[in-house]
Amino acid sequence: MAKVAKGSSGLVGDDEGVANKLDYGTEYGRVDQIKAYLYQAVNGLNRGIFGVPSAKKSEIEGLVRQLESQNPTPNPTANLDKVGGCWKLVYSTITILGSKRTKLGLRDFINLGDFLQNIYVAEGKAVNVIKFNARGLSMLNGQLMIDASFRVASESRVDISYDKSTITPDQLMNVFRQNYDLLLGIFNPEGWLEITYIDDTMRIGRDDKGNVFILERSEEET
């Protein structure tokens, strides 16, 4: 993972302001700097799940577009071995706001943990895991697991189909039961995903709903 630059980023909301602070000496050096700025920009945003100020969102989008323009793997579906394995969500534009957050108990009762994705290339399967803990239940830990299938649609796009989902343990399912469709609707990956950037440690994608996803390579098992 690229280390976050120390001190104030000095970033502005447009691409040009960020680009002026980057070293164009080598392509690798520039990508490494963009990634460092990106990690700094998303720091403290809790994956963006509860909303991001518009200026910060624009700043992140500008950095993402710069990385996409330097994608070292322009045909990712021809290099699916690079896509396979476990990834952890760093940031996305999926949000849970207002009444949705209240209904799901995500204001003060339930905490969100890691968002993990394990991709099994040979099987054409992906497993998304969203971890939770419920403070009112002796810090009960649990997870929502969503199984999906994918197939290659183009040199950079995959089509995704929802297979099944489970919440464990049963106590956590009881908490979410009344609003399970709402929860699943937020995290259901069905649709298509464009892989717009991937290297050994970072992956960026855009889906058919207009969302952006930034993930980092993880050694954690789902």
Minimum heavy-atom separation for [X] to [Y], with atom names?
X      : Y      : result
Glu216 : Tyr39  : OE1-OH, 3.0 Å
Asn75  : Asn79  : O-ND2, 3.0 Å
Pro169 : Gly142 : CD-CA, 3.7 Å
Gly84  : Val121 : CA-CG2, 3.6 Å
Arg107 : Thr102 : NE-OG1, 2.7 Å
Ala41  : Ile60  : CB-CG1, 3.9 Å

Counting distance only, does the side-chain N/O of [X] pair as donor-acceptor with the main-chain N or O of [Y] below 3.5 Å?
X      : Y      : result
Asn71  : Leu67  : no
Glu190 : Tyr162 : yes
Asn128 : Ile146 : no
Asp207 : Lys209 : yes

Show, in sequence, the C-alpha distance, side-chain angles and deciding distance for Val127 and Ile119, and conclude whether the side chain to side chain contact (heavy atoms under 4.5 Å, CB included) test is met.
CA-CA 7 Å; Val127 178; Ile119 299 177; over 6 Å; no

Non-neighbouring partners of Lys125 that pass side chain to side chain contact (heavy atoms under 4.5 Å, CB included), sequence neighbours left out
Tyr120, Glu123, Ser149, Asp163

Are the side chains of [X] and [Y] in touch, meaning some heavy atoms are under 4.5 Å apart?
X      : Y      : result
Val129 : Asn118 : no
Phe115 : Lys131 : no
Leu104 : Ile110 : no
Lys56  : Leu45  : yes
Phe132 : Leu172 : yes
Phe187 : Leu144 : yes
Val64  : Arg206 : yes

Name every donor-acceptor pair, under 3.5 Å, that has one atom in a side chain of residues 88-100 and the other anywhere in the protein, sequence neighbours excluded.
residue : atom : partner : partner atom : Å
Ser92   : OG   : Ile94   : N            : 3.2
Thr93   : OG1  : Asn211  : OD1          : 3.3
Thr93   : OG1  : Val212  : N            : 2.9

Report the C-alpha distance between Arg47 and Val42 in whole Å, list the side-chain angles of each, state the deciding distance to 0.1 Å, and finish with yes or no for side chain to side chain contact (heavy atoms under 4.5 Å, CB included).
CA-CA 7 Å; Arg47 283 69 53 97; Val42 302; over 6 Å; no

Before you tell me yes or no, could you show the steps for Arg203 and Gln117 under side chain to side chain contact (heavy atoms under 4.5 Å, CB included), namely the whole-Å CA-CA distance, both residues' side-chain angles and the distance that decides it to 0.1 Å?
CA-CA 12 Å; Arg203 174 163 60 92; Gln117 182 180 71; 2.4 Å; yes

Please set out all donor-acceptor pairs under 3.5 angstrom arising from side-chain atoms of residues 191-198, sequence neighbours excluded.
residue : atom : partner : partner atom : Å
Glu194  : OE1  : Arg157  : NE           : 2.7
Glu194  : OE1  : Arg157  : NH2          : 3.0
Glu194  : OE2  : Ser156  : OG           : 2.2
Thr196  : OG1  : Glu68   : OE2          : 2.7
Thr196  : OG1  : Ile204  : O            : 3.3
Tyr197  : OH   : Asp199  : OD2          : 2.7

Six-ring centre of Phe50, Arg101 cation under 6.0 angstrom, axis tolerance 45°:
yes

Distance from [X] atom [atom1] to [Y] atom [atom2], nearest 0.5 Å?
X      : Y      : atom1 : atom2 : answer
Leu183 : Asn188 : CG    : CG    : 10.5 Å
Leu116 : Met145 : CG    : CE    : 9.5 Å
Leu63  : Ser58  : CG    : OG    : 11.0 Å

Going by an N to O cut-off under 4.0 Å, is there a salt bridge joining Glu61 and Lys57?
no

Below 4.0 angstrom, N of the basic side chain to O of the carboxylate: do Arg151 and Asp159 qualify?
yes

Could you walk me through whether Asp200 and Arg217 pass the side chain to side chain contact (heavy atoms under 4.5 Å, CB included) check?
CA-CA 7 Å; Asp200 292 337; Arg217 178 74 68 179; over 6 Å; no

